[in-house]
Amino acid sequence: MTTALLLVVTLVTVASRVLPMTLLPTPHGRAADVLDALPAPLFAALAAVALLGGGELPEPPVLAAAAGALLGALRRSLLLTLGCGLVGFALADLLLG
């Protein structure tokens, strides 16, 4: 992947997430309830596909990263979720590697 392509992908990704948050009104009522419930099922679906999509059981550090991320997700903080996943991976890699 070239640097220019990486920058374009980054720009499109950030713009597609930041612009709606800044330009669109905050949803209310039933729409807000549906949007609040989406992150957990989406994360679970993405995690399941990432962990089991290849048909083989992932390495222990990857499983530890997923477990750490799931624990971090309980606080509904993306930064904490990512941090817990990284810590889980690093600990498992250190202990088992």
Side-chain angles (χ1 to χ4, degrees):
M1 181 178 289
T2 66
T3 303
L5 179 59
L6 182 63
L7 290 174
V8 169
V9 169
T10 301
L11 180 63
V12 168
T13 301
V14 170
S16 69
R17 281 151 178 81
V18 172
L19 289 178
M21 288 191 308
T22 58
L23 299 177
L24 295 176
T26 304
H28 300 288
R30 182 78 176 133
D33 293 340
V34 170
L35 291 176
D36 282 342
L38 279 179
L42 286 176
F43 178 74
L46 289 172
V49 168
L51 291 173
L52 304 173
E56 298 176 6
L57 191 62
E59 297 293 322
V62 175
L63 291 174
L70 284 173
L71 288 175
L74 294 174
R75 301 289 299 190
R76 298 183 59 92
S77 165
L78 180 58
L79 184 59
L80 184 64
T81 301
L82 291 171
C84 288
L86 288 171
V87 168
F89 184 91
L91 284 175
D93 193 44
L94 182 68
L95 294 173
L96 301 172

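Keep in mind that what you see is a predicted model, and the values were worked out from it rather than measured.
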Nearest atoms (heavy-atom pairs only) where P27 meets A31: CB-CB, 4.2 Å
Closest non-hydrogen atom pair, C84 against G72: SG-CA, 3.8 Å
Over 12 non-hydrogen atoms of neighbours within 6.0 angstrom of CG in L79: no
Closest approach of A65 to F89 (non-hydrogen atoms, all atoms of both residues): CB-CB, 3.7 Å
Identified side chain to side chain contact (heavy atoms under 4.5 Å, CB included) counterpart of T3 within the set L7, L6, L5: L7
Atom pair OG1/CG of T81 and L71 - distance to nearest 0.5 Å: 9.5 Å
Joint hydrophobic cluster, L52 plus L63, side-chain heavy atoms closer than 4.5 Å: yes
Heavy-atom check, side chain of L96 versus side chain of P60, under 4.5 Å: yes
